[in-house]
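All remarks here apply to the structure that follows.
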Amino acid sequence: MKNILALLAFLTLSGPSLFAQYTLKETNGRPIAEVKYENLIGDANLHPQMKNARVRFKNGKNAVMPVNIDLISKTAFFSGEKNEKLGFVDQVISIEFLDSLPGQPSIKLYHIDGDYFHVLAEGKISLYKKVWKDIWQEREYNAASVSKTVVDKSAYFILNPTNTLVPVKNNKSFITALPDQKQKLEQYVKTEKINFKTDADLKKVIDYYNTL
């Protein structure tokens with residue numbers, strides 16, 4: 001984990017010019033065992049359909065192509081010539097989904113130890129949101145079948161200057177994770193009426209901290 005986090009910090013400072021872009025072919029993919037979610041209510045994937053994304057690999061290459069992520073099995077995939085799902089052979093460092101709509105930001109995720117972390121803010125302190133999905137199973141009284149519903153799950157982490165991911169669950173733990181600016185942050189939270197319940201509010205706190 002420590003080596004991966006150090007690499008992510010290096011990537012944040014280096015920017016996209018570090019990576020050489022290449023065209024991904026089927027030979028760069030491996031077949032994925034088809035996961036069948038029978039009678040599932042909801043979508044296992046991050047997006048309803050494939051979306052154009054920039055994929056960065058540990059070997060220093062990157063590719064721009066349609067990609068999606070199954071957040072239940074935590075598997076990123078692209079399509080082969082016969083529309084079969086193919087996983088990546090090379091180790092993925094990050095996936096940045098590119099939005100063609102004017103004014104809409106891209107969605108960037110880091111791949112760390114098998115999990116995907118949505119990048120909400122980056123700087124001397126970064127804010128990551130781990131995203132995944134679970135299946136909630138429930139059998140109603142006297143029912144013959146079990147209902148299966150997709151549940152979105154998330155957890156927030158701060159990447160501090162020592163390249164350590166610190167989990168934050170509420171406003172108290174959020175401020176505690178940044179003790180060097182505790183008083184200023186508490187005043188900012190009060191003035192801006194931050195409720196710590198939205199990504200936008202959490203990003204505002206980190207963005208403010210990075211100006212101090």
Side-chain angles (χ1 to χ4, degrees), residues 1-19 21 46-47 51-58 60 62 64 67 69 71 76 91-132 152-212:
M1 169 69 83
K2 185 176 180 180
N3 290 336
I4 294 177
L5 294 177
L7 175 60
L8 292 182
F10 172 66
L11 293 178
T12 300
L13 295 175
S14 301
S17 60
L18 176 68
F19 295 85
Q21 186 167 317
L46 176 63
H47 299 294
K51 290 195 67 174
N52 210 34
R54 178 180 293 107
V55 185
R56 294 182 178 181
F57 301 94
K58 189 177 180 180
N62 78 72
V64 176
V67 177
I69 304 174
L71 287 180
Q91 184 176 340
V92 173
I93 293 296
S94 68
I95 300 176
E96 184 175 5
F97 289 95
L98 309 173
D99 201 318
S100 60
L101 296 177
Q104 293 296 317
S106 59
I107 298 175
K108 183 178 181 181
L109 297 102
Y110 279 134
H111 186 220
I112 306 174
D113 287 353
D115 287 307
Y116 286 93
F117 292 77
H118 181 192
V119 181
L120 298 180
E122 286 188 289
K124 59 183 178 182
I125 293 291
S126 298
L127 178 63
Y128 295 164
K129 179 182 180 181
K130 185 169 78 170
V131 291
W132 73 100
D152 292 320
K153 307 285 283 186
S154 63
Y156 294 95
F157 294 82
I158 288 175
L159 179 65
N160 64 25
T162 63
N163 292 325
T164 301
L165 277 178
V166 180
V168 287
K169 298 181 179 180
N170 50 44
N171 57 344
K172 183 178 180 179
S173 64
F174 203 92
I175 299 299
T176 301
L178 306 169
D180 59 320
Q181 300 291 350
K182 183 175 183 292
Q183 291 184 338
K184 290 183 178 180
L185 288 175
E186 287 179 338
Q187 182 60 47
Y188 178 78
V189 166
K190 182 179 180 180
T191 302
E192 297 296 320
K193 300 180 180 179
I194 303 294
N195 62 20
F196 292 92
K197 293 182 180 180
T198 68
D199 293 354
D201 268 6
L202 296 178
K203 173 177 166 50
K204 284 176 64 176
V205 175
I206 294 299
D207 287 342
Y208 171 70
Y209 175 92
N210 285 332
T211 67
L212 300 176

Specify the closest pair of heavy atoms between Lys204 and Glu192, including all atoms of both residues, with the distance to one decimal. NZ-OE1, 3.5 Å
Heavy-atom donor-acceptor pair, Asn171 side chain to Phe196 backbone, under 3.5 Å: no
Quick one, Leu98 and Arg54 - any side-chain contact, counting heavy atoms below 4.5 Å? yes
Which one of Asn160, Ile158, Leu159 satisfies the side-chain contact (heavy atoms from CB on, under 4.5 Å) criterion with Leu165? Leu159
Nearest 0.5 Å, please: how far is CZ in Phe57 from OG in Ser94? 9.5 Å
Does a side-chain heavy-atom distance below 4.5 Å link Val131 with Leu109? yes
To the nearest 0.5 Å, what is the distance between CD1 on Ile95 and NZ on Lys108? 12.0 Å
Looking only at non-hydrogen atoms, find the nearest pair between Thr211 and Asp207 and report the distance. CG2-O, 3.2 Å
Is the shortest side-chain heavy-atom distance between Phe174 and Val189 below 4.5 Å? no
To the nearest 0.5 Å, what is the distance between NZ (Lys129) and NZ (Lys203)? 13.5 Å
Any residue meeting side chain to side chain donor-acceptor pair (under 3.5 Å) with Lys130, in chain and number order, not counting sequence neighbours: none
Can you tell me how the ring of Tyr208 sits relative to the ring of Tyr188, calling it parallel under 30°, perpendicular over 60° and tilted otherwise? parallel
Parallel, tilted or perpendicular, as decided by the 30° and 60° cut-offs, for the rings of His47 and Phe97: perpendicular
Are Leu178 and Ile206 side-chain neighbours, meaning at least one heavy-atom pair lies under 4.5 Å? yes
Side-chain contact test, heavy atoms from C-beta onward, threshold under 4.5 Å: evaluate it for Tyr128 versus Glu122 and give yes or no. yes
A side-chain contact here means heavy atoms from C-beta on lying under 4.5 Å apart; do Trp132 and Ile69 qualify? no
Just how far is it from atom OH of Tyr110 to atom OG of Ser126, taken to the nearest 0.5 Å? 7.5 Å
For residues 179-187, dump all side-chain donor-acceptor pairs below 3.5 Å to protein atoms at least two apart in sequence or in another chain.
residue	atom	partner	partner atom	Å
Asp180	OD1	Tyr209	OH	3.0
Asp180	OD2	Tyr209	OH	2.8
Lys182	NZ	Glu186	OE2	2.7
Gln187	NE2	Thr191	OG1	3.1

Rounded to the nearest 0.5 Å, the CG atom of Asp201 sits from the CG atom of Leu120 at a distance of 12.0 Å
Within the side chain of Asn210, is there an N or O that forms a donor-acceptor pair under 3.5 Å with the backbone of Ile125? yes
